**Q** 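Structure provided below as structure tokens; questions to follow.
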There are 2 protein chains.
Amino acid sequence: MGSRQRVPFRFRLDLHSGVPVYRQIIDQVRGGIASGSLSVGDQLPTVRQLAVDLSINPNTVARAYRELELVEVLETHQGTGTFISAQKIRGGGEERSRQLAQIVTDSVARAGAIGFTVEDLVEQLRGLVLEPSRRR
Amino acid sequence: MGSRQRVPFRFRLDLHSGVPVYRQIIDQVRGGIASGSLSVGDQLPTVRQLAVDLSINPNTVARAYRELELVEVLETHQGTGTFISAQKIRGGGEERSRQLAQIVTDSVARAGAIGFTVEDLVEQLRGLVLEPSRRR
DNA sequence: CTTAGTGTACTAGTATATTAGTACATGATG
DNA sequence: CATCATGTACTAATATACTAGTACACTAAG
């Protein structure tokens, strides 16, 4: 019947990746949003529940959630749970700008390392706009 | 003779950025290549010289250089110095393009996760060309 | 008011990252 | 060979990151 199957978003850890657990959680939430698996208003597993599922300490989950809340990707309500927040697609946000700068700096460095210029990056980006078919 | 005034590439540290010193060096070398300030064959300051200039330990410089050498961005010659290596600019254009696409895809995903558009990325990139290095 | 569920604060142990001190190895140069 | 300039190896001190233990605080619901 009409049950909406509120799919419990699936977290998976790779303990051999060397990537901190809390960061893996962050990445998976962000990835879920980017891919559409998570939408505004969706509730995430509770701190305790996820901690049990992944066999880690609740504080580790809390840290990931808190960090995402600081960037306003999540909203937490005491006693209720943690939810995907309505992104502030617009508006200032010092931290957001900082993050964008970080992203760009990283990509420039990576591209420069294999001999590409900033212009090459821009060109590639433009190409993406015209040819959005290739989603990953 | 015919001295070409090999301009000594200028390194600058931001000790309050929280970004590790060795990483700042790496980023600046890569950025220098991307921006054209550094070209294939250029010699970098010697480990000792740069250590003195920046008031840091030679090993910190060496670490940065070594890491860049592993990725084949630099070439080191004992007793001679450290140089910008001939990039794999030519050859395997396929693989290089793939890497560029990957870099762009990553940055778009990261930016998209916090509500930025491709245009925002382009704008930020343009700004970088005019005003280098400011991290964190 | 009580209870059960939620996130949070504070503390601390452990690992890892970062930088520095010091001595050594290698290659160029005369 | 002697010397000097270069990068390198090894060790260690320190800071920071990461995770966990434990107890607390807020909210909704009976």
Side-chain angles (χ1 to χ4, degrees), chain A residues 6 8-9 11-29 38 41-85 102 106, chain B residues 1 6 8-9 11-29 41-85 135-136:
Chain A
R6 174 62 69 202
F9 186 69
F11 286 89
R12 286 185 50 240
L13 292 185
D14 180 354
L15 296 178
H16 302 287
S17 68
V19 179
V21 172
Y22 82 100
R23 182 146 297 282
Q24 291 187 46
I25 295 174
I26 289 175
D27 290 343
Q28 287 179 38
V29 170
L38 289 174
D42 284 356
Q43 176 168 13
L44 291 174
T46 69
V47 167
R48 278 178 180 70
Q49 186 59 53
L50 186 52
V52 170
D53 289 352
L54 301 179
S55 301
I56 58 179
N57 190 286
N59 268 327
T60 302
V61 178
R63 171 171 182 179
Y65 283 5
R66 190 184 326 132
E67 198 154 308
L68 284 170
E69 192 193 15
L70 286 178
V71 196
E72 304 188 32
V73 169
L74 296 182
E75 267 177 42
T76 65
H77 297 101
Q78 278 261 22
T80 309
T82 304
F83 307 82
I84 305 293
S85 126
Q102 178 70 55
D106 286 353
Chain B
M1 47 156 296
R6 177 61 70 206
F9 185 67
F11 285 90
R12 285 185 51 239
L13 291 185
D14 180 353
L15 296 178
H16 302 287
S17 68
V19 179
V21 172
Y22 82 100
R23 183 147 296 282
Q24 292 187 43
I25 295 173
I26 289 174
D27 290 344
Q28 287 179 38
V29 170
D42 283 356
Q43 176 168 12
L44 290 175
T46 69
V47 167
R48 278 176 180 73
Q49 186 60 52
L50 186 52
V52 170
D53 290 351
L54 301 179
S55 301
I56 58 179
N57 190 286
N59 268 327
T60 302
V61 178
R63 172 172 179 178
Y65 284 5
R66 190 185 324 132
E67 200 155 305
L68 284 169
E69 192 192 16
L70 286 178
V71 196
E72 302 186 35
V73 169
L74 296 183
E75 268 178 39
T76 65
H77 298 101
Q78 278 262 22
T80 308
T82 305
F83 306 82
I84 306 292
S85 125
R135 203 126 183 219
R136 178 174 192 156

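Residue numbering restarts at 1 for every chain, and letters A, B, ... go by the order of the sequence lines. Being a predicted model, the structure only gives us computed values, none of them experimental. These values consider heavy atoms only, across backbone and side chains, with no hydrogens, waters or symmetry-generated copies.
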**Q** For A:F11 and A:Q28, which heavy atoms make the closest approach, and how far apart are they?
**A** CA-OE1, 3.3 Å

**Q** Restricting to salt bridge (charged side-chain N to carboxylate O under 4.0 Å, His left out), what partner residues turn up for A:R23, sequence neighbours left out?
**A** A:E67

**Q** Report each atom pair, protein N/O against N/O of nucleotides 27-30 of chain C, whose distance is under 3.5 angstrom.
**A**
from   : atom 1 : to    : atom 2 : distance (Å)
C:dG27 : O4'    : B:Q78 : O      : 3.3

**Q** In whole angstrom, what separates A:Y22's OH from C:dT16's P?
**A** 15 Å

**Q** Rounded to the nearest 0.5 Å, how far apart are CD1 of A:I25 and CG of A:L50?
**A** 5.0 Å

**Q** Please report the closest heavy-atom contact between B:T80 and B:Q43, naming both atoms and the distance.
**A** O-NE2, 3.3 Å

**Q** Please set out all donor-acceptor pairs under 3.5 angstrom arising from side-chain atoms of residues 53-64 of chain A, sequence neighbours excluded.
**A**
from  : atom 1 : to    : atom 2 : distance (Å)
A:D53 : OD1    : A:Q49 : NE2    : 3.0
A:N57 : OD1    : A:N59 : N      : 2.8
A:R63 : NH2    : A:Y22 : OH     : 3.3

**Q** First and last nucleotide of DNA chain D in contact with chain B, 5' to 3', at under 4.0 Å to a heavy atom: what are they?
**A** D:dA5 to D:dC10

**Q** Are any non-hydrogen side-chain atoms of B:V21 and B:L13 less than 4.5 angstrom apart?
**A** yes

**Q** List in numerical order all residues of residues 59-70 of chain B for which some heavy atom is under 4.0 Å away from an atom belonging to DNA chain C.
**A** B:N59, B:T60, B:R63

**Q** For the backbone of A:E72 and the side chain of A:S85, can you confirm whether one donor and one acceptor N or O come within less than 3.5 Å of each other?
**A** yes

**Q** Name all residues meeting the side-chain hydrogen bond (donor to acceptor under 3.5 Å, both in side chains) criterion together with A:Q24; count only those two or more places apart in sequence or in a different chain, and write none if there are none.
**A** A:S17

**Q** As an exercise, state the distance from CZ of A:R66 to CD1 of A:I26, rounded to the nearest 0.5 Å.
**A** 10.0 Å

**Q** Tell me the interatomic distance from B:N57, atom CG, to C:dA17, atom C1', rounded to whole angstroms.
**A** 15 Å

**Q** For B:L13 and C:dT18, give me the distance from atom CG to atom P, rounded to whole Å.
**A** 15 Å

**Q** Look at the side chain of A:R48 and the base of C:dG5, then say whether one donor and one acceptor between them are separated by less than 3.5 Å.
**A** no

**Q** Taking C-beta and beyond as the side chain, do B:T46 and B:T82 meet within less than 4.5 Å on heavy atoms?
**A** no

